[in-house]
Amino acid sequence: MPVADDFEQATVTLPKPEPGAVQVRNQWMSVDPYMRGRMRDVKSYLPPFALGEVMQGGAVGTVMTSNDPRLKEGDTVVSMFGWREAFNAPADAPGLMKVDTTALAPEMYLGVAGLTGLTAYLGVQEVANVKQGDVVFISAAAGAVGSVACQIAKIQGATVIGSAGGAEKVEFVRSLGVDTVIDYKAEPDLTAALQRAAPQGISVYFDNVGGAHLEAALAVAKPFARFALCGMIDGANDSASAVHGLVSIVRKRLRLEGFITSDRFDQIPRFLGEMVPWIGSGKIKSAQTVDQGIEHAVDAFLKLFHGGNVGKMLVKL
Ligand SMILES: NC(=O)c1ccc[n+]([C@@H]2O[C@H](COP(=O)([O-])OP(=O)(O)OC[C@H]3O[C@@H](n4cnc5c(N)ncnc54)[C@H](OP(=O)(O)O)[C@@H]3O)[C@@H](O)[C@H]2O)c1
């Protein structure tokens with residue numbers, strides 16, 4: 001588990017932006033579980049964070065100065081420059097994008113209408129191809145991705161079983177219209193609890209956790225069930241974690257598919273085309289947990305691994 005001493009907060013003076021560049025004041029920044037993976041010096045789908053460099057990640061802010069006609073002062077932009085209150089960048093920098101805040105609050109572009117929502121959308125719709133009649137199990141169901149995945153699976157007409165830690169989270173997941181919610185922290189045997197919730201078995205598992213949740217899903221899966229493997233936060237700080245019961249994959253002819261959202265940015269227009277009306281009509285509700293100030297960014301990040309968030313974990317700057 002990372003500790004506060006692993007991080008350093010630095011104050012720097014920002015020069016005026018160069019020609020062709022903008023200066024952005026961030027209003028919100030995102031903390032995400034994948035950032036833990038980038039703290040390991042291993043080859044992965046993204047390079048590890050470099051020591052002494054600014055943490056990268058999603059943020060949304062306002063253009064304060066623009067030296068480029070493509071962005072103007074007052075525009076709201078999302079970016080991937082991460083954990084900082086302000087930055088200068090070329091107007092065409094990768095990931096820097098103007099967003100429309102007429103229908104959505106700016107911070108929604110870090111949550112339900114951002115990579116979080118897109119992850120849930122891809123996992124449910126494309127990877128698992130959830131349809132009417134499916135019995136879908138979703139772990140970390142009170143979290144950012146999980147809470148959106150539950151709601152999209154309901155829109156698709158599935159029966160949804162969510163799992164979350166603690167009574168408050170169980171209530172929240174129920175409020176999203178989820179059919180059955182398991183408080184995994186109160187269950188001595190998660191597999192038995194899932195079996196009770198889905199006596200005929202599950203046909204889809206949306207995995208945010210790995211570990212005992214994945215083992216329970218393997219045990220309770222129907223033949224030919226589909227698993228959308230989104231993340232395994234259970235092993236994020238413990239390289240020794242192992243999953244048992246993999247032989248079920250063969251015996252039940254299961255299909256397990258991992259996915260990384262950044263491979264599918266081509267789907268953003270289609271995603272927003274569905275998500276914005278869903279949010280507007282109340283079919284998708286969003287929740288967030290907000291910590292104030294960049295000095296609390298590390299605390300906010302670590303909350304993800306202790307279950308300290310309901311919905312999207314954000315830092316308000
Ligand atoms: N594939 C991709 O492209 C992609 C993109 C975004 C996110 N993800 C993955 O999606 C998952 C969810 O991410 P998120 O941003 O939405 O975070 P999140 O679910 O909002 O926050 C993490 C939650 O995980 C739960 N958790 C933490 N440790 C756990 C453990 N040992 N066992 C069971 N539950 C645990 C906690 O909820 P409880 O209190 O309920 O335990 C916590 O609130 C992560 O695995 C992340 O890596 C993948």
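This one's a predicted model, so the numbers in the text were calculated from it and none came from an experiment. Reckoned from all heavy atoms, side chains included, excluding hydrogens, waters and symmetry mates.
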Chemist: Is any side-chain heavy atom of Leu256 closer than 4.5 Å to one of Ile249?
Modeler: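 Counting from C-beta outward, Ile249 and Leu256 do come under 4.5 Å.
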Chemist: Determine the minimum heavy-atom distance between Gly57 and Tyr34, stating which atoms define it.
Modeler: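 The answer is CA-OH, 3.8 Å.
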Chemist: Heavy atoms only: give me the nearest Lys252-Ala221 pair and the separation to one decimal.
Modeler: NZ-O, 2.9 Å
Chemist: With side-chain contact (heavy atoms from CB on, under 4.5 Å) as the test, would you mind laying out the steps for Asp207 and Cys230 before giving the verdict?
Modeler: CA-CA 6 Å; Asp207 190 19; Cys230 174; 5.9 Å; no
Chemist: Should the pair Lys154-Asp179 be classified as a salt bridge under the 4.0 Å nitrogen-to-oxygen rule?
Modeler: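 Yes.
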Chemist: Kindly indicate, with the supporting measurements, whether the criterion side-chain contact (heavy atoms from CB on, under 4.5 Å) is fulfilled by Leu104 and Val276.
Modeler: CA-CA 8 Å; Leu104 301 179; Val276 175; 4.0 Å; yes
Chemist: Do Val243 and Leu194 share a hydrophobic cluster (ILVMFWY, side-chain heavy atoms under 4.5 Å, transitive)?
Modeler: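 Yes, same cluster.
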Chemist: To the nearest 0.5 Å, how far apart are CD in Gln292 and NE2 in His296?
Modeler: 9.5 Å
Chemist: Quick one: do Asp68 and Arg70 make a salt bridge, cutoff under 4.0 Å?
Modeler: yes
Chemist: Indicate yes or no: at least one non-hydrogen side-chain atom of Phe224 is less than 4.5 angstrom from one of Leu254.
Modeler: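 Result no, sub-4.5 Å side-chain heavy-atom pair not found.
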Chemist: Can you tell me how far apart CD (Gln156) and CG (Asn129) are? Round to the nearest 0.5 Å.
Modeler: 8.5 Å
Chemist: Please report the C-alpha distance between Phe206 and Phe227 in whole Å, then the side-chain angles of each, then the deciding distance to 0.1 Å, and finally whether the side-chain contact (heavy atoms from CB on, under 4.5 Å) criterion is met.
Modeler: CA-CA 6 Å; Phe206 190 115; Phe227 284 38; over 6 Å; no
Chemist: Salt bridge (Lys or Arg N to Asp or Glu O under 4.0 Å) with Arg253: which residues, sequence neighbours excluded?
Modeler: none
Chemist: Just by distance, no angles: are the side chains of Thr261 and Thr119 close enough, under 3.5 Å, to form a donor-acceptor pair?
Modeler: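 Checked: Thr261/Thr119 side chains pair up, N/O donor to acceptor below 3.5 Å.
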Chemist: Compare all side-chain heavy atoms of Met275 with those of Ile152 and state whether any distance is below 4.5 angstrom.
Modeler: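 In contact.
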Chemist: Measure the spacing between CG of Asn309 and CZ of Phe301 and express it to the nearest 0.5 Å.
Modeler: 12.0 Å
Chemist: Identify the heavy atoms of Glu107 and Leu314 that sit nearest to each other, and give their distance.
Modeler: CB-CD1, 3.9 Å
Chemist: Could you tell me which residues satisfy salt bridge (Lys or Arg N to Asp or Glu O under 4.0 Å) with Arg25, sequence neighbours excluded, listed by chain and number?
Modeler: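 Checked Arg25 against salt bridge (Lys or Arg N to Asp or Glu O under 4.0 Å); zero matches.
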Chemist: May I ask you to check whether Asn26 and Glu85 show a side-chain donor-acceptor distance below 3.5 Å?
Modeler: no
Chemist: If you take all heavy atoms of Phe172 and Gly311, which pair is closest and at what distance?
Modeler: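 Looks like CE2-N, 4.5 Å.
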Chemist: Return yes if some donor-acceptor pair links the side-chain N/O of Lys169 with the main-chain N/O of Gly307 below 3.5 Å, else return no.
Modeler: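 Looks like yes, one N/O pair under 3.5 Å.
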Chemist: Any side-chain to backbone donor/acceptor pair from Ser139 onto Ser163? Under 3.5 Å, distance only.
Modeler: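 The answer is no, because no donor-acceptor pair under 3.5 Å joins these two groups.
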Chemist: Using a distance-only test with no angle check, is there a side-chain donor-acceptor pair under 3.5 angstrom linking Asp134 and Ser203?
Modeler: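 Side chains of Asp134 and Ser203: pair found under 3.5 Å.
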Chemist: Is a side-chain donor or acceptor of Asp75 paired with a backbone partner of Lys98 at a separation under 3.5 angstrom?
Modeler: no
Chemist: Could you check whether any side-chain heavy atom of Phe265 comes within less than 4.5 Å of a side-chain heavy atom of Leu115, counting everything from C-beta outward?
Modeler: yes
Chemist: For a quick check under 3.5 Å, do Thr191 and Glu215 share a side-chain donor-acceptor pair by atom type?
Modeler: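 Result is no, nothing qualifies.
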Chemist: Supply the atom-to-atom distance Asp234 CG to His213 NE2, rounded to the nearest 0.5 angstrom.
Modeler: 8.5 Å
Chemist: More than 12 heavy atoms of other residues, nucleotides or ligands under 6.0 Å from NZ of Lys72: yes or no?
Modeler: no
Chemist: Linking I/L/V/M/F/W/Y whenever their side-chain heavy atoms sit closer than 4.5 Å, directly or via other members, would Met97 and Tyr121 fall into one cluster?
Modeler: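 Same cluster.
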Chemist: Is a side-chain donor-acceptor pair under 3.5 Å present for Tyr109 with Thr76?
Modeler: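 No, no side-chain donor-acceptor contact under 3.5 Å.
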Chemist: Nearest 0.5 angstrom please: Lys16 NZ to Asn88 CG, how far?
Modeler: 11.5 Å
Chemist: Working note: Thr62 + Gln27, criterion side-chain contact (heavy atoms from CB on, under 4.5 Å); need CA distance, chi angles, decisive distance, verdict.
Modeler: CA-CA 7 Å; Thr62 307; Gln27 291 160 335; 2.8 Å; yes
Chemist: For the residue pair Lys312 and Ser30, confirm or rule out a side-chain donor-acceptor distance under 3.5 Å.
Modeler: yes
Chemist: Is a salt bridge present between Lys283 and Glu274, judged by a nitrogen-to-oxygen distance below 4.0 Å?
Modeler: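 Answer for the salt bridge query: no.
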Chemist: State the CG-OH distance between Leu190 and Tyr184, to the nearest 0.5 angstrom.
Modeler: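 One gets 9.5 Å once the value is rounded to the nearest 0.5 Å.
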Chemist: Salt bridge check: are Arg226 and Glu257 linked by an N-O gap of less than 4.0 Å?
Modeler: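 No, no charged N to carboxylate O under 4.0 Å.
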Chemist: I'd like to know if Met80 and Phe87 are part of one continuous hydrophobic network [Ile/Leu/Val/Met/Phe/Trp/Tyr, side-chain heavy atoms within less than 4.5 Å].
Modeler: no
Chemist: Counting N and O atoms only, with roles assigned by atom type, does the side chain of Asn67 sit under 3.5 Å from a partner on the main chain of Glu18, one being a donor and the other an acceptor?
Modeler: yes
Chemist: Of Leu176, Val112, Val160, which is the lone residue that meets side chain to side chain contact (heavy atoms under 4.5 Å, CB included) with Gln151?
Modeler: Leu176
Chemist: What heavy-atom pair brings Gly166 and Asp183 nearest, and what distance separates the two atoms?
Modeler: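 Minimum heavy-atom contact is N-OD1, 2.9 Å.
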Chemist: Would you say that Ile268 contacts Leu118 through its side chain, given a criterion of any heavy-atom pair below 4.5 Å between the two side chains?
Modeler: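 Heavy-atom side-chain distance check passes, below 4.5 Å.
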Chemist: Hey, quick one: are Val54 and Val24 part of the same hydrophobic cluster, counting side-chain heavy atoms closer than 4.5 Å, chains of contacts allowed?
Modeler: no
